[in-house]
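Position 1 is the first residue of the sequence; numbering continues from there. What's counted below: heavy atoms across the whole structure, side chains too, no hydrogens, waters or symmetry copies.
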Amino acid sequence: MVLLRSVEFHTFCHTGVSAKEALSIIKFIFVRMLRHDLLFAALAWGAISINLRGVNTDSQEQKLPFLFKVWWVFYIMVSCYRLVVDFILYKKQELVSFHTVISDLVGVCTGLFLSCLCLWKNGKGERINLLEEPLLSNVESSENEEVTTPFAKAGILSLMSFSWMSPLITLGNEKIIDSKDVPQVDCSDRAESLFWIFRSKLEWDDGERRITTFKLIKALFFSVWRDIVLSTLFASVYTLSCYVAPYLMDTFVQYLNGNRQYKNQGYVLVTTFFVAKLVECQTRRQWFFKAQKAGLGMRSVLVTMIYEKGLTLPCYSKQGHTSGEIINLMAVDADRICAFTWFMHDPLILILQVSLALWILYKSLGLGSIAAFPATILVVLANYPFAKLEEKFQSSLMKSKDKRMKKTTEVLLNMKILKLQGWEMKFLSKILELRHIEAGWLKKFVYNSSAISSVLWTAPSFISATAFGACILLKIPLESGKILAALATFRILQGPIYKLPETISMIVQTKVSLNRIASFLCLDDLQQDVVGRLPSEGSETAMEISNGNFSWDDSSPVPTLRDINFKVSHGMNVAICGTVGSGKSSLLSSILGEVTKISGDLKVCGRKAYIAQSPWIQSGKVEENILFGKPMEREWYERVLEACSLNKDLEILPFHDQTVIGERGINLSGGQKQRIQIARALYQNADIYLFDDPFSAVDAHTGSHLFKEVLLGLLKHKTVIYVTHQVEFLPEADLILVMKDGKITQVGKYNEILESGTDFMALVGAHTDALATVDSHEKGSASAESTMKKENELLHDEEKQETDSGHKPSGQLVQAEEREKGKVGFTVYQKYMALAYGGAVIPFILVVQILFQLLNIGSNYWMTWVTPVSKDMEPPVGGVTLILVYVVLAIASSFCILVRAMLVAMTGFKIATELFTQMHLSIFRASMSFFDATPMGRILNRASTDQSVADLRLPGQFAYVAIASINILGIIGVMVQVAWQVLIIFIPVVAACAWYRQYYISAARELARLAGISRSPMVHHFSETLSGITTIRSFDQEPRFRGDIMRLCDCFSRLRFHSYGAMEWLCFRLDLLSTIAFACSLVILVSAPEGAINPSFAGLAVTYALNLNSLQSTLIWTLCDLENKMISVERMLQYISISSEPPLVIESTRPEKSWPSRGEITISNLQVRYGPHLPMVLHGLTCTFPGGLKTGIVGRTGCGKSTLIQTLFRIVEPAAGEIRIDGINILTIGLHDLRSRLSIIPQDPTMFEGTVRSNLDPLEEYTDDQIWETLDKCQLGDEVRKKELKLDSPVSENGQNWSVGQRQLVCLGRVLLKRSKVLVLDEATASIDTATDNLIQETLRQQFSDCTVITIAHRISSVIDSDMVLLLDQGLIKEHDSPARLLEDRSSLFSKLVAEYTASSDSRSKRNC
């Protein structure tokens, strides 16, 4: 076949025979060739068909035979060659039959299709071969056996038409789709598979794990390269098919003018147009789908990689990237790179299109087209400075967004503290200030984008005017056919050129995001060689440190821990004690490998389990928190629950151990969280247990029980190292380490070191003094001791759930995220539009766009009308007039573009700003119940991802809907003006399109909503992981958590993948309908009698109609995508409308500035519940806290202590009764007036990122001298003076560079500065040693001697010297009197609590004497 074709081509082109002789030779050769050609083709395809019947298309492992691949490559080469020969013969007007052109064109398309199929099949096979071994050991094999998407098993026609989506779309019309209705993605597209490929392709620099942006891009490309290559191929074929019509436009116009070359030429042209549009339709849809599929894969890889990096970051490295910034990388940057695949091929396509356009222009306009090339270069150069500014603005915008998200995350974590202190509006103003900075960059960014848009939208008119002007100057005659070919070319160029501003913007944004992710991935990992391993067999040593020097910051000249030397044998109990900030927690962190080792040796034998000082509880069921990834062993599980005293707590939880715990354990008490954390460690059955002061959060009785049942019970044969401030637990230790200033100052048993140094003596002496204080109030405690055992049992039965949630709800606290159903309501659009100047700007935007469209059509009409159809006709106007009118119309349309772009930017910016402000104001004014039941990830998702959509995506999409709608109306108007009969075609086509959209949108809308909701668990899981990273690493649970994030990524991917599939399902059908309508319109034009239709205007109508299918499908796509994006607005509006707390200030009832002057608190019949249908937590309390006296509130865990305090601050509103402070009912005044006049030191010590000064004085009300005086009073003055920056010393996120005890002292400093008349201490000294506690108590007695002090404490010594004691039990007041009177009554509950405390302390002291 090739030989015959070569002879044919050579004979005609290179011999000296005449044309007549050549033609006869060609006819003879062609007939012979055609017979052989058809025979060979029939035999070959018959053989292939028979062979293919044996290939199992459902099997992904089945590879296509090698000979098939060779045949298909050979076939496409021959087909291309034949098409070139046909083209040259056609140009020479010597083609024997036009049917051969159609045949060869079909052959080329078939060959391309088969090559794509070959690449597709091979891609699946190779990818699965790469994954023969799973990346993670904990990923269950059953996951691979799940029902996969129909896409994986779809046939060729189904893939081409996207019919594999039809069942899901049909289901969406029958019911509201849920997540379980959506099939899983194919194994090769799951996060685990892609991540494995990504890691294998990622190159590290010299083992230092340095990742450049280029290497990141390279690895991403190889992760999804087949989808990228296929989409590139489809995009290229699409571009070529687009230019078939402009190339044939002059021939079409000449045909309509009567210049017909052969019979049925019109129908052949129509067929060519139709086939080209079909190829364009198919390749465009496959291009977009493959590109979006590649984007999803990239996103999964990046999210997993960022998460993986988060698992390996040490504390000092993470300080440069806070949790909010890291979450931003996942929520915003990874999403942006995913979205970029939509624009990925635009630069290539634009280059290809410009090249083709210049070629067609040269064919149509001759040398005049050369002017179009420098005009195109000039347009590109004009955009260069704007593009550079775009990159600068985008980079600054992302940095400012990071800072805002960092502060938002911190504030949401500590919202309860802010509300208790009355600081929430101050911190809201800080976030609004950060948003103001961000908005400044956003404003520059959107206006710069508008400038780029204006330049590029005027480009087609500018280039065409330049080309036409050059033709006039060069005296090149302009004919309507050539003009229309040029205009058709410019109209096709309009698409990519109009899209270029967004493409440039996305390239810049993606580059910034890639740089940010690459720089994050380059951060130093946790030091791997900190902990050495001792052999598990034959070694008596469980843990040993020799000459150890450790530092949290390896750049610090003074190590955190110095000269650490000690050795622990298997089964030993080792206690670590010391004052606040002495390095106790740092020593445990060193054993875990969390602190950088400067020098020395650290060796450990066996698995470790860690109990942190601040409990870390996962959102999820109680059982899941305890099992922590291990399988259920019921007997051991029950023993653990019993040892941790959790059975009673579980009985009163609504769903026992299946109760879902809220974020950060919000519906549990501090003691319950601590005991669940201990149970988690116990259940692991590890070899070495590290306890970081776990008994500080529980009362004396529970602490004694835990110590006895856990440390001396279940763990009696285990190695236990525990930090404690409670001296009564030290005598049981086999070894005690006393720490001071980062050094171990004393080592030995209790009695040994008691006599050998002053540091330990000081701690024990402070504890003895505290006991002496209790003893002075409680006489004859020996008799109480004898009855203690019996009373313990009684009292323990009364323990109830703690009062953060404090109630027994009828359902789980944390519910599934709220989700609207059905279509996005018109009110959402109305509210969105009204946010910008009441929607007044919208009509102006529409008017300007309509004016632009009229001017654009007018300029093209002008060019068509004044240019003759052929050379022998005289033009009605001169060349100068022609070009001047065209330029004037082009300038006017350009001005309309500029005005429209600026109005859209202004409106979008205003709406985004209003949305942000209103949503954040609503969130900050919400009650604490909202934050208790709402995981932080949901709020962060709206503040980051949804806000980014409102900032950058929605304005452009609204504008494009208006532009495309007006453009389509203009096209239809032009076509109807030429031939009204096209309305007969367009009306049913438009109706069919509307029906398809309505049929599609039900499923697509719910898929978009589900995908939006599925983001929140990822953000929440990421945030939760970062906050508990030390615990996760200590249990070696990184693989399980990595698997969790991969599953969450797959959940998002499958929803988004099917959302993309649904979109392409719709667009393919709309494109097909538009193509059929276009072909029918052409048939009407070519069927019309000669002279019935003006050829120039008919050509103009066809020129406009060429864009109709892409415009229509893009409009429908944008409408659907707009509705999907409006779900972000819908979600933000949900939070704008949440119920708020009572007013902050009520002007009519504002108290005097001196209020409260006495501090007397009167409670009358106080009843409190946590919801209208929930049981009472406090049952009619009536009592008085006298002004100026100290009242201690005591009771078992869950008796209602914290609920009473929350009600005092109106965190919880009472159901009945009242609280009066100095005679004023607190329910009648504003919340700010109330909370700002009271002071509280909360149970969980909180510090904010900033400086020491900003933490002590957030409202900036006090002088430096006052702050220094306060620091000295709270025992922190010397510590701060040691720091180089003094009061400006930095505080990292959540105060991580300060110990928990130091954070509690800072909280104490705040109240010392504030000097309120009413002070509440909620377990205020739980995390500090007894000596420091005694100093603090003395300071409080001195500084608040005339104030009302309410103390909740687990240490009896903290309340024993109170003026009054209030004992609560099950929400009722059991006892309220002075401590002396209550102790006189041996039957009083308070007396028994005191006896319990002193007995447990004395008994251990006596046993070790």
Side-chain angles (χ1 to χ4, degrees), residues 79 83 86-87 90 95 97-113 157 160-161 234 237-256 260-287 356 360 484-485 488-489 491-492 968 971-972 974-975 978-979 981-982 984-986 988-990 992-993 1067-1088 1093 1095 1098-1113:
S79 299
L83 193 62
D86 291 339
F87 172 74
Y90 176 74
L95 187 63
S97 172
F98 203 82
H99 297 295
T100 61
V101 180
I102 302 298
S103 173
D104 292 340
L105 184 63
V106 171
V108 170
C109 296
T110 305
L112 285 171
F113 172 74
L157 291 177
M160 290 176 62
S161 62
F234 286 129
V237 175
Y238 163 77
T239 305
L240 291 171
S241 63
C242 283
Y243 281 89
V244 171
Y247 181 79
L248 297 175
M249 183 57 67
D250 189 21
T251 305
F252 184 74
V253 172
Q254 295 305 323
Y255 171 84
L256 293 178
R260 303 178 181 183
Q261 299 174 8
Y262 52 87
K263 187 180 179 182
N264 295 329
Q265 183 189 6
Y267 294 106
V268 171
L269 286 172
V270 170
T271 304
T272 306
F273 278 125
F274 180 62
V275 171
K277 294 301 283 183
L278 281 178
V279 173
E280 178 188 331
C281 160
Q282 179 59 225
T283 52
R284 178 184 171 91
R285 301 277 56 92
Q286 295 295 337
W287 160 26
L356 290 169
I360 292 174
L484 287 169
T489 303
R491 281 193 64 79
I492 291 173
I968 287 173
I971 291 171
I972 294 174
V974 170
M975 295 188 71
V978 173
Q981 293 88 344
V982 299
I984 299 172
I985 301 165
F986 274 107
V989 167
V990 169
C993 289
C1067 288
F1068 173 77
R1069 282 151 180 76
L1070 298 183
D1071 278 354
L1072 203 59
L1073 286 170
S1074 298
T1075 300
I1076 293 169
F1078 173 67
C1080 292
S1081 302
L1082 291 181
V1083 169
I1084 291 173
L1085 293 177
V1086 299
S1087 302
I1093 296 176
L1100 180 64
V1102 173
T1103 300
Y1104 272 91
L1106 287 175
N1107 290 38
L1108 183 62
N1109 67 326
S1110 62
L1111 264 176
Q1112 180 176 299
S1113 64

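Considering every non-hydrogen atom in both Leu1072 and Cys281, the closest pair reads N-SG, 4.1 Å. Leu240 and Leu356 make their closest contact through CD2-CD1, 4.0 Å (heavy atoms, listed as atom of the first residue, atom of the second, distance). The two residues Ser241 and Ala276 make their nearest non-hydrogen contact at CB-O, 3.7 Å.
Among residues two or more places apart in sequence or in another chain, the side chain to side chain donor-acceptor pair (under 3.5 Å) test is passed with Ser161 by Ser163. For Cys1080, the side-chain contact (heavy atoms from CB on, under 4.5 Å) partners two or more places apart in sequence, or in a different chain, are Ile985, Ile1076. For Leu1073, the side-chain contact (heavy atoms from CB on, under 4.5 Å) test picks out Val989, Ala992, Cys993, Tyr996, with sequence neighbours left out.
With a 4.5 Å cut-off on side-chain heavy atoms, Gln282 and Phe1068 count as touching.
The only member of Glu280, Arg284, Lys277 that meets side chain to side chain contact (heavy atoms under 4.5 Å, CB included) when paired with Cys242 is Glu280.
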**Asked** For Phe273 and Val244, what are the C-alpha separation, side-chain angles and deciding distance, and is it a side-chain contact (heavy atoms from CB on, under 4.5 Å)?
**Response** CA-CA 7 Å; Phe273 278 125; Val244 171; 5.5 Å; no
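Note: Leu278 CG to Phe274 CZ = 4.0 Å, rounded to the nearest 0.5 Å.
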